[in-house]
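Per chain, numbering begins at 1; letters A, B, ... match sequence-line order.
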Number of protein chains: 2
Amino acid sequence: MSASSAAEAPPGTSSAVPLRVGDGRGSTRARIERAALELFTAQGFEQVTIEEIAAVAGTSRRTFFRHVGSKADAVWGDFAAHVARLAALLDAAGDSVAVLPAVFGAYVEVNDYAEADLPVLRQRMRLILTEPALQAHSQLRYADVDEVVARYVAARCGQAPAALLPRLVATATRAAATTAFEVWLAEEEGSLAGALRTAFGQLADGFPDLR
Amino acid sequence: MSASSAAEAPPGTSSAVPLRVGDGRGSTRARIERAALELFTAQGFEQVTIEEIAAVAGTSRRTFFRHVGSKADAVWGDFAAHVARLAALLDAAGDSVAVLPAVFGAYVEVNDYAEADLPVLRQRMRLILTEPALQAHSQLRYADVDEVVARYVAARCGQAPAALLPRLVATATRAAATTAFEVWLAEEEGSLAGALRTAFGQLADGFPDLR
DNA sequence: ACGCTAGAGGCACCCGGTGCCACCGGCAAG
DNA sequence: CTTGCCGGTGGCACCGGGTGCCTCTAGCGT
């Protein structure tokens with residue numbers, strides 16, 4: 001449920017088709033994303049124009065759009081792969097665990113980043129949670145996540161994916177995950193997994209102190 | 001947490017300053033919103049240009065923006081008033097009820113629409129939940145709602161509004177409310193309040209069947 | 001009659017996003 | 001070597017949302 005860190009292709013893997021892999025500083029797409037992230041954090045999302053990003057990335061406006069689709073997408077890396085991984089994790093969970101723990105576990109696992117990736121992750125999430133335009137755009141990305149989770153819950157409960165329970169579990173768990181990201185960002189110390197587990201825990205027992 | 005139905009000023013109330021109230025078909029703002037809503041549902045959000053809306057509303061592009069701020073805002077009516085009402089309801093609830101029931105109750109009450117307003121509400125919510133651009137924009141509106149709820153929960157629990165618990169309650173209840181709207185929209189029969197209460201109920205007991 | 005003010009409209013501009021075409025480099029087939 | 005294909009690139013023109021600025025006009029009080 002965070003921005004994906006899989007911007008670059010795995011270094012060891014050479015594609016079947018002999019693509020131009022890069023000019024030493026990574027693929028065009030990766031250069032664009034790096035430039036965008038840097039400029040956005042330095043000057044703010046709205047202040048940066050596509051032309052500037054393209055210039056820093058050493059390419060053209062037109063090529064920018066061919067690679068990242070939209071200005072907001074430049075922040076998200078390969079998020080589709082992220083969602084696919086979540087789906088795979090849920091799939092692998094199967095019926096071995098109860099539904100809610102399965103969803104929680106998949107969220108925690110899909111957001112298990114290597115130490116080295118955390119700074120970039122922070123940078124991305126700070127932008128996404130802070131900049132209004134990106135905050136708005138995030139809803140579209142999260143909708144994909146919600147659909148995956150709802151489908152899983154629906155399958156396990158024998159309900160339609162559009163029924164109340166699956167949709168509710170999907171949106172509520174995702175809200176919890178987003179909130180966990182918020183507090184993880186706000187305080188310097190503390191692990192992301194810990195924040196996620198705390199949020200999920202509170203959600204799962206229905207806020208007993210507040211009833 | 002729905003779109004506000006308070007597009008028009010209350011008919012009996014004349015402002016302190018003698019504004020031009022309208023030309024018999026309501027204020028300029030109301031005409032713009034009606035035109036926008038009609039065109040959006042008929043042709044889809046993206047397909048309609050501001051120029052078209054302005055033409056149907058009998059005004060100009062420039063005036064459109066003076067009144068509604070943005071294309072997406074044309075769908076939301078006076079949502080700030082809606083949020084203010086929610087805040088007032090929470091304020092009025094005070095410490096008489098437990099925190100969670102108070103939030104639930106405020107949500108239900110703020111979404112207690114007159115029978116006559118339901119068709120427009122459906123139209124608005126269908127657009128907001130269906131059209132990607134509006135779905136994205138909704139996140140910005142909902143952020144205001146979340147802040148109000150988080151502030152209330154924080155005050156009652158003696159925590160900071162940015163702490164995990166208040167933020168979590170705010171986002172989770174709002175997710176539940178949105179989901180309730182979704183299912184209410186999907187099935188023709190059934191009351192909105194009922195859908196809200198069901199969703200809140202499931203949320204409050206932590207999905208016992210799924211643990 | 002005077003000026004003031006608020007709402008309105010026109011105009012020019014910026015920027016994100018798209019469609020179209022032209023170019024260039026690599027590569028395989030002849 | 002030449003030819004033709006092809007994928008990535010870039011330029012260009014266009015559309016549409018949004019804003020700043022200026023002007024006009026209608027209604028107001030003095």
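- Residue A:R61 contributes atom CZ, which lies 14 Å from atom P of C:dG19 at whole-angstrom precision.
- The side chain of A:T49 lies closest to C:dC15 when the candidates are D:dG10, C:dG9, C:dC15.
- Here the P atom of nucleotide D:dC15 and the CD atom of B:E52 are 14 Å apart, to the nearest Å.
- Dashed line: the shortest gap from a side-chain N or O of A:T28 to OP1 or OP2 of D:dT9 is under 4.0 Å.
- Distance, A:I50 CD1 to C:dG17 C1': 9 Å, rounded to whole Å.
- The distance from atom CD1 of B:I32 to atom C1' of C:dG7 is 12 Å, rounded to the nearest whole Å.
- Salt bridge B:R126/B:E182: absent, no basic N to carboxylate O contact under 4.0 Å.
- In this entry the distance linking NE2 of A:H137 with P of C:dG17 reads 9 Å, nearest Å.
- For A:H67, whose side chain is taken as the heavy atoms from C-beta onward, the closest listed nucleotide among C:dT18, D:dT9, D:dG17 is D:dT9.
- Two residues, A:F45 and B:T59, neighbour DNA chain C, and the one matched to the more 5' nucleotide by heavy-atom proximity is B:T59.
- Atom-to-atom, CZ of B:F64 to C1' of D:dT19 comes out at 14 Å; the value is rounded to the nearest Å.
- A parallel orientation is assigned to the rings of B:F79 and B:H82, their planes being inclined by less than 30° (bins at 30° and 60°).
- Put simply, A:T63 has no side-chain N or O that comes within less than 4.0 Å of OP1 or OP2 on D:dG8.
- Two residues, A:E51 and A:R66, neighbour DNA chain C, and the one matched to the more 5' nucleotide by heavy-atom proximity is A:E51.
- Atom-to-atom, CD of B:E46 to P of D:dG17 comes out at 9 Å; the value is rounded to the nearest Å.
- A:R141 has a carboxylate O that lies under 4.0 Å from a charged side-chain N of A:D73, or vice versa, which qualifies the two as a salt bridge.
- For a distance-only test at 3.5 Å, the side chain of A:R62 fails to qualify as a donor-acceptor partner of the base of C:dG17.
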* Candidate pair A:R31 and A:T28, rule side-chain hydrogen bond (donor to acceptor under 3.5 Å, both in side chains), full reasoning -> CA-CA 5 Å; A:R31 268 182 297 130; A:T28 305; 3.2 Å; yes
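- Across all strands shown, B:V48 has heavy atoms under 4.0 Å from sugar-phosphate atoms exclusively, and none from any base.
- The pair A:R151-A:E147 meets the salt-bridge criterion, since a charged nitrogen lies less than 4.0 angstrom from a carboxylate oxygen.
- Taking atom CZ on A:F65 and atom P on D:dG11, their separation rounds to 15 Å, with Å as the unit.
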